[in-house]
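Below: the structure, in structure tokens.
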Amino acid sequence: MENLAAGVNVLEVAAVFVAAVSGGLAAVRKRFDLFGVLVLAWVCGLGGGILRDLLIGDTPPVGISSWKLVVAALAAGLATFVLHPGLTRLRRSVVVLDAAALSLFVVQGTSKSLDLGAGPLASLVVGVLTGVGGGVLRDMLVGEVPLIFADRQLYAVPAILGAATVVVLWETGWWTWWSALCVVVLVLGFRLLSLALGWVVPHVGGGWTGRWGRQSGKMEE
């Protein structure tokens with residue numbers, strides 16, 4: 001279990017950094033100054049974790065108490081501010097990284113909630129909010145409708161699937177480092193496949209399918 005906990009901590013730092021890059025890029029697109037870029041990177045990288053910790057009563061939240069995570073978020077913001085022309089040209093690579101952050105956050109958030117004694121349903125909700133919370137806060141701060149609502153992308157759906165899988169594995173005693181890695185790959189693969197095939201959430205007058213970039217407007221910006 002110690003190895004599992006250490007591995008999950010490493011995944012959390014990586015997820016914070018990657019998510020913070022997407023927050024920094026959003027700030028750059030809005031022509032924020034350096035302070036604004038750093039703040040938005042921090043919010044995007046740690047917002048979901050702060051929501052998670054407040055919901056499960058683990059205070060103070062890691063977003064303000066873990067120097068490793070705060071440094072990771074701020075380093076990502078600074079790197080984005082300096083290197084943003086190159087990162088902007090690598091837009092699709094950043095989308096892949098964002099999907100990776102989503103999968104890592106979902107697994108880490110759900111498992112932490114279960115480890116602290118929250119029930120299966122509560123842990124599922126906490127896991128999903130950990131995954132999507134930072135992105136929602138990011139979009140609200142830059143004056144945009146959150147991605148999970150605006151573009152009908154399968155963003156929350158992979159998060160729900162991943163959180164539910166973690167709960168099942170935990171409750172059946174199959175939760176290990178390898179199973180955690182498998183869930184990360186599952187969520188990441190589902191998210192990327194939905195982008196590649198243009199799958200969207202059912203809506204009035206629409207359906208599930210489309211083409212990469214047509215239904216998922218953020219891809220082509």
Side-chain angles (χ1 to χ4, degrees), residues 1-22 44-49 51-53 55-56 58 62 66 68-69 72 76 92-136 147-148 153-201 208 212 216 219:
M1 291 300 293
E2 291 183 359
N3 289 335
L4 176 59
V8 170
N9 289 334
V10 172
L11 293 181
E12 185 175 23
V13 173
V16 166
F17 186 89
V18 170
V21 169
S22 70
C44 194
L46 295 168
L51 289 175
R52 174 201 64 210
D53 290 347
L55 286 172
I56 63 180
D58 186 18
V62 294
S66 172
K68 292 180 181 179
L69 297 183
R92 289 198 174 186
S93 297
V94 174
V95 170
V96 173
L97 293 176
D98 184 67
L102 172 69
S103 61
L104 293 168
F105 277 136
V106 167
V107 170
Q108 200 279 334
T110 309
S111 61
K112 181 175 182 178
S113 180
L114 289 165
D115 190 47
L116 291 180
L121 179 59
S123 297
L124 188 151
V125 173
V126 167
V128 173
L129 289 177
T130 304
V132 306
V136 171
L147 178 63
I148 61 173
Q153 293 184 17
L154 298 190
Y155 196 74
V157 173
I160 294 171
L161 174 64
T165 304
V166 172
V167 169
V168 171
L169 291 171
W170 187 284
E171 293 295 316
T172 56
W174 285 89
W175 185 244
T176 65
W177 165 250
W178 290 107
S179 63
L181 183 59
C182 288
V183 179
V184 170
V185 173
L186 172 66
V187 177
L188 174 61
F190 188 10
R191 169 66 174 155
L192 294 180
L193 184 63
S194 71
L195 287 172
L197 299 180
W199 293 343
V200 296
V201 176
W208 285 90
W212 182 310
S216 53
M219 291 291 297

V128 and side chain to side chain contact (heavy atoms under 4.5 Å, CB included): which single residue from T130, V125, L124 fits?
L124
Looking at every heavy atom in both V183 and G162, which two are closest together, and how far apart are they?
CG1-O, 3.7 Å
Distance, nearest 0.5 Å, that separates CD1 of I56 from CG of L116:
4.5 Å
Would you please classify the geometry between the W175 ring and the W170 ring as parallel, tilted or perpendicular, with 30° and 60° separating the classes?
tilted
Could you pull out the closest heavy-atom pair between A156 and V132, with the gap in Å?
CA-CG1, 4.4 Å
Spacing of CZ belonging to F190 relative to CH2 belonging to W199, to within rounding of 0.5 Å
6.0 Å
Do you know which two heavy atoms are closest between A76 and A20, and how far apart they sit?
CB-CB, 3.5 Å
Which distance, rounded to the nearest 0.5 Å, do you find between the CG of L192 and the CG of L154?
12.0 Å
side-chain hydrogen bond (donor to acceptor under 3.5 Å, both in side chains): which pairs involve residues 158-167, sequence neighbours left out?
none
Side-chain contact, heavy-atom cut-off 4.5 Å: V16 with L46?
yes
S22 to D98 - nearest heavy-atom pair and separation:
OG-OD1, 3.7 Å
Contact check, side chains of F17 and L69, non-hydrogen atoms, under 4.5 Å:
no
S103 side chain vs A100 backbone, donor-acceptor pair below 3.5 Å
yes
Inter-residue atom distance T172.OG1 - W174.CH2, 0.5 Å rounding:
8.0 Å
For L102 and A159 the tightest heavy-atom approach is CD1-CB, 4.2 Å
Quick one: CH2 on W177 to SG on C182, what's the gap to the nearest 0.5 Å?
11.0 Å
Mind checking salt bridge (charged side-chain N to carboxylate O under 4.0 Å, His left out) for R191 and listing every partner two or more places apart, or none if nothing turns up?
none
Are F105 and V187 packed together at the side-chain level, in the sense that at least one heavy-atom pair is separated by less than 4.5 angstrom?
no
Contacts satisfying salt bridge (charged side-chain N to carboxylate O under 4.0 Å, His left out) that involve residues 101-114 (not counting sequence neighbours) are D53-K112, D58-K112
For G127 and T110, work out which heavy atoms get closest and say how close.
CA-OG1, 3.1 Å
d(Q108 CD, S113 OG) to nearest 0.5 Å is 10.5 Å
